[in-house]
Amino acid sequence: MKVSVTVKELHEAISAAGEVPVGFVPTMGALHRGHLSLVMKALDESPLVVVSIFVNPTQFNDTKDLEKYPRTPAGDLAMLREILRPSDIVFMPGEKEIYPEKDTRTFSFGNLDRVMEALHRPGHFNGVAQVVSRLFEIVGPSVAYFGQKDFQQLAVIRELVRQTGSAIKIVACPIVRESDGLAMSSRNVLLEPGIRKNASSIFRALSEASTMLSRCDIPEIRQYVAGCINSLPGFALEYFEIADEKELIPAVSGSEIISGRKYFCCIAVRAGSVRLIDNMEMRLD
Ligand code: PAF
């Protein structure tokens, strides 16, 4: 595996690999098995894989969150070295490589940027769109791999690709979970031990909620989930919504569910000092 720190080095490494189609896995580092599943999928499908590690400041609406975001470059490189091939590339740029000048672009994603995460993290998806569009421009991938844990991010990125008329194929990879069901996240290492032991309740609440539509209306499901989460010491529900996969319009009543569409229950929870998100497809049978 090669490591590039500048755009110039990256382009040289891509040229040296023979300008073959690139499978791209953008990350913010602090890698875990969830990231590795994206890299494995890219390795299966692409003759050349580029993994980027860049903690993008423009997508953090909270400076404290940016400061405490885990950074483990040595461990990340060791994990990637185990699985990447000699010509695959890890791109670890500094901020000036990605943003030689301040990025002032504003994106518009309609409803996708008005619900759930967008309400709680103003400007977050604009920052994601800035960095992802910039990385796409720099790396020039044919395919890019994203985790389904960031359900709304995935919809935003698909829309970004649609709006820019880009030919990049976006591949969504399933959520990877810890053995107790907690969705893998770089932020999990920040969970205080007392909080971590109850964090699997998020998965359990979602698992139950995802089966409830056949027997309950949405307000009842929301009440059930709020009860599960808010009864745990140190936990507070930020939102729970049932939204369709494409437009992400939160349904307020079961009568709004359109047959033939996929719906997901999406959750954000304050777990001690850490904010966690997760989602699960609703079973509509
Ligand atoms: O999902 C992430 O880790 C980040 O939002 C991404 C896509 C790498 C952009 O910084």
Side-chain angles (χ1 to χ4, degrees), residues 4 7 10 22-39 41-42 49-63 65-73 75-76 79-80 89-99 103 105 107 109 112-113 116-118 120-141 143-161 164 166 168-176 183-190 248 266 268 274-279:
S4 305
V7 173
L10 174 74
V22 173
F24 177 42
V25 183
T27 82
M28 297 206 298
L31 301 183
H32 49 68
R33 281 195 288 117
H35 295 112
L36 297 187
S37 74
L38 307 184
V39 178
K41 177 103 174 122
V49 169
V50 175
V51 180
S52 66
I53 298 178
F54 176 65
V55 182
N56 171 39
T58 73
Q59 71 187 73
F60 285 81
N61 56 311
D62 173 354
T63 45
D65 188 28
L66 172 60
E67 275 160 27
K68 72 177 192 194
Y69 196 83
R71 289 163 174 84
T72 55
D76 293 347
M79 277 189 211
L80 291 171
I89 307 160
V90 183
F91 180 44
M92 297 177 91
E95 203 175 324
K96 278 279 166 237
E97 289 296 313
I98 301 296
Y99 302 118
D103 194 337
R105 289 174 298 161
F107 295 81
F109 298 115
L112 303 185
D113 195 18
M116 300 193 289
E117 287 300 284
H120 294 268
R121 303 187 69 189
H124 169 64
F125 290 120
N126 203 68
V128 169
Q130 287 175 339
V131 76
V132 169
S133 59
R134 184 74 189 112
L135 286 166
F136 281 177
E137 213 172 87
I138 294 171
V139 176
V143 193
Y145 299 82
F146 293 87
Q148 256 157 356
K149 186 173 83 69
D150 295 298
F151 174 76
Q152 193 169 356
Q153 169 171 281
L154 195 54
V156 164
I157 288 165
R158 288 193 197 284
E159 178 59 14
L160 173 72
V161 165
T164 52
S166 154
I168 300 169
K169 181 176 160 203
I170 303 300
V171 174
C173 300
I175 298 175
V176 178
M184 291 215 169
S185 161
S186 300
R187 290 187 167 86
N188 289 355
V189 296
L190 303 174
L248 304 193
C266 304
V274 182
R275 185 174 183 279
L276 298 174
I277 59 169
D278 198 349
N279 67 82

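Each ligand, and each atom within it, is numbered from 1 in the order the structure gives. These values consider heavy atoms only, across backbone and side chains, with no hydrogens, waters or symmetry-generated copies.
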Check this for me - ligand 1, Gln153, N or O atoms closer than 3.5 angstrom, yes or no? yes
If we only count N/O pairs under 3.5 Å, is Gln59 in contact with ligand 1? yes
Rounded to the nearest 0.5 angstrom, the CG-CG distance for Leu10 and Leu135 is 9.5 Å
Do me a favour and list the nearest non-hydrogen protein atom to atom 3 (O) of ligand 1 with residue, atom name and distance? Met28 CG, 3.8 Å
If we set the cut-off at 4.0 Å for heavy atoms, which region of Ile157 has an atom near ligand 1: side chain, backbone, both, or neither? neither
Derivation and outcome, side chain to side chain donor-acceptor pair (under 3.5 Å), residues Tyr99 and Asn56: CA-CA 10 Å; Tyr99 302 118; Asn56 171 39; 2.7 Å; yes
Taking 4.0 angstrom as the limit and counting only heavy atoms of Val131, give me the atoms of ligand 1 inside it, by number and element. 9 (C), 10 (O)
Are Phe125 and Glu159 side-chain neighbours, meaning at least one heavy-atom pair lies under 4.5 Å? no
Main-chain N/O of Lys149 paired to Asn279 side chain as donor or acceptor, under 3.5 Å: yes
Between Asp65 and Arg121, does any side-chain N to carboxylate O distance fall below 4.0 Å? yes
